[in-house]
Amino acid sequence: VVGRNNSTGGTGAAVMNCYNTGMVTSDSSCGGVVGSNGNSSSVTHCYFLQDASHNAGLPGVGSGESASAGVTALDSTSFASGQVAWELQNWWDNHALEGEEGQVWGQNLDEDGDESPVLTGLNPGSPRAYQLTFQAEGAAEVILYGNSGSLPFPAVPTPPTGQTFTGWFSGDTRLTEATEITADIVAVARFGTTPEPEPTPPSQPSGGSDSEPSYSPILDIGDGGTVRVNPRTPSAGDDVTITAEPDQGFEVEEVTVTD
């Protein structure tokens, strides 16, 4: 980004909140963001691309005062994930001068999106990258980055014994890939009681029979509870009792019966 970060007036120059994905080479004072830093100059909250074949072993600042302070090396996966775009925008949200607030960094995180952050001044349509924190009982916290209306999700967590995974929730909102968000979110895994298997109806005797035929109701059950039907295989004209039992935190919204 800068070869020599210096000032002749002694007040110090500043390089801040930026990144570099280019290859840097030099015979001396070679750094991923700044080559040489001096005269009370500063380098703050900057990133550069580094992996086995790209700027390998390179410091953030080649030489001088505060060498490499405020510079972080990350690999291409971190850049493509949206992490750097989120870090840059988050810093701006906390340091922008009055009247300069708002989105300045973005990144399209779809499969065919951007490989690194873009300035919205150069690409006004670039979506903001949000941080998504996923928490599940007995599992390590997972942090991903996504755009509103195109959310990524981690692997389904292992449910406690006797329960099933019912979804990721932010508050009372069940998240889907198409959920629209306007801020970073913390998503918590919810689990519900595994429905007990329905009893097998008794077999009808073979051959001729004068017994009336029975009919097993077909159930379309949503997440968050269980439904019981008694009797399970009623005959024509029988009264049928339907019992809906919501899990904790859920309530019955509607029960619909059709012929």
Side-chain angles (χ1 to χ4, degrees), residues 1-2 5 12-24 31-34 41-51 54-55 60-61 66 68-135 141-154 167-188:
V1 177
V2 176
N5 190 35
V15 176
M16 63 183 67
N17 206 43
C18 62
Y19 75 92
N20 170 43
T21 56
M23 179 74 77
V24 182
V33 174
V34 171
S41 297
S42 62
V43 185
T44 306
H45 201 259
C46 297
Y47 299 85
F48 74 101
L49 177 60
Q50 183 178 76
D51 55 32
H54 198 98
N55 298 326
V61 177
S66 302
S68 297
V71 182
T72 302
L74 294 173
D75 61 19
S76 57
T77 300
S78 298
F79 273 89
S81 72
Q83 176 185 347
V84 178
W86 180 85
E87 294 281 3
L88 295 172
Q89 180 61 47
N90 187 60
W91 186 94
W92 180 258
D93 288 339
N94 290 287
H95 295 84
L97 298 176
E98 185 176 355
E100 296 183 354
E101 301 91 343
Q103 182 186 348
V104 295
W105 290 100
Q107 186 173 357
N108 183 344
L109 299 175
D110 288 342
E111 184 176 353
D112 298 323
D114 304 312
E115 295 183 355
S116 57
V118 297
L119 285 166
T120 55
L122 300 177
N123 187 355
S126 181
R128 179 165 179 152
Y130 292 101
Q131 185 180 74
L132 316 174
T133 304
F134 294 90
Q135 299 174 343
E141 186 174 89
V142 176
I143 295 179
L144 299 175
Y145 301 88
N147 303 132
S148 178
S150 184
L151 305 184
F153 291 93
W168 294 104
F169 286 78
S170 177
D172 291 327
T173 300
R174 187 176 187 273
L175 301 176
T176 68
E177 181 178 326
T179 299
E180 300 284 342
I181 59 176
T182 58
D184 299 337
I185 59 174
V186 175
V188 179

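When reading the values below, keep in mind they use all heavy atoms of this one structure, side chains included, and skip hydrogens, waters and symmetry mates.
The two residues S41 and A13 have their closest heavy-atom pair at OG-N, 2.9 Å. The two atoms that bring V24 and G31 nearest to each other are CG1-O, 3.4 Å, heavy atoms only. Closest approach of F79 and L74 over heavy atoms only: CE1-O, 3.7 Å. Residues D110 and S150 approach most closely at OD1-OG, 2.9 Å, considering heavy atoms. Nearest heavy atom pair, residue A85 against residue A129, reads CB-CB, 4.1 Å. The shortest heavy-atom contact between V142 and P154 is CG1-CB, 3.9 Å.
With sequence neighbours excluded, the residues satisfying side-chain contact (heavy atoms from CB on, under 4.5 Å) with A73 are F48, Q50. By the side-chain contact (heavy atoms from CB on, under 4.5 Å) test, Q131 pairs with W86, T133, I143, Y145, D184, sequence neighbours left out. With sequence neighbours excluded, no residue forms a side-chain hydrogen bond (donor to acceptor under 3.5 Å, both in side chains) with Y130. Applying the side-chain contact (heavy atoms from CB on, under 4.5 Å) rule to S42 yields the partners A14, T44; only residues at least two apart in sequence or on another chain are considered. D75 is linked by a salt bridge (charged side-chain N to carboxylate O under 4.0 Å, His left out) to nothing, counting only residues two or more places apart in sequence or in another chain. Under the rule for a side-chain contact (heavy atoms from CB on, under 4.5 Å), E111 has no partner lying at least two apart in sequence or in another chain. Qualifying side-chain hydrogen bond (donor to acceptor under 3.5 Å, both in side chains) partners for E180, counting only residues two or more places apart in sequence or in other chains: S148. Listed by chain and number, the residues in a salt bridge (charged side-chain N to carboxylate O under 4.0 Å, His left out) with D112 amount to none (sequence neighbours excluded).
Without hydrogens or angle criteria, N55 side chain to T21 main chain gives no donor-acceptor distance under 3.5 Å. A donor-acceptor distance shorter than 3.5 angstrom exists from the side chain of N20 to the backbone of G32, with no hydrogens or angles considered.
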List, one per line, each side-chain donor-acceptor pair under 3.5 Å for residues 113-124, sequence neighbours excluded.
unit_1: D114; atom_1: OD2; unit_2: N108; atom_2: N; d: 2.8
unit_1: S116; atom_1: OG; unit_2: Y19; atom_2: OH; d: 3.4
unit_1: T120; atom_1: OG1; unit_2: Q103; atom_2: O; d: 3.1
unit_1: T120; atom_1: OG1; unit_2: V104; atom_2: O; d: 3.3

Cut-off 3.5 Å, no hydrogens considered: what does the side-chain donor-acceptor table look like for residues 168-175, sequence neighbours left out?
unit_1: D172; atom_1: OD1; unit_2: R190; atom_2: NH2; d: 3.4
unit_1: R174; atom_1: NE; unit_2: T166; atom_2: O; d: 2.9
unit_1: R174; atom_1: NH2; unit_2: T166; atom_2: O; d: 3.2

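To the nearest 0.5 Å, atom CD of residue Q107 and atom CG of residue N147 are 8.0 Å apart. Interatomic distance, F153 CZ to L132 CG, rounded to the nearest 0.5 Å: 8.0 Å.
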H45/M16 under side chain to side chain contact (heavy atoms under 4.5 Å, CB included): CA gap, chis, key distance, verdict: CA-CA 6 Å; H45 201 259; M16 63 183 67; 5.7 Å; no
Side chain to side chain contact (heavy atoms under 4.5 Å, CB included) between W105 and E87, worked out: CA-CA 9 Å; W105 290 100; E87 294 281 3; over 6 Å; no
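Judged as a ring pair (Phe, Tyr, Trp, His ring centres under 6.0 Å), not a single pair has a partner in residues 107-128 (not counting sequence neighbours). The salt bridge (Lys or Arg N to Asp or Glu O under 4.0 Å) contacts involving residues 116-130 comprise D93-R128, where partners must be two or more places apart or lie in separate chains.
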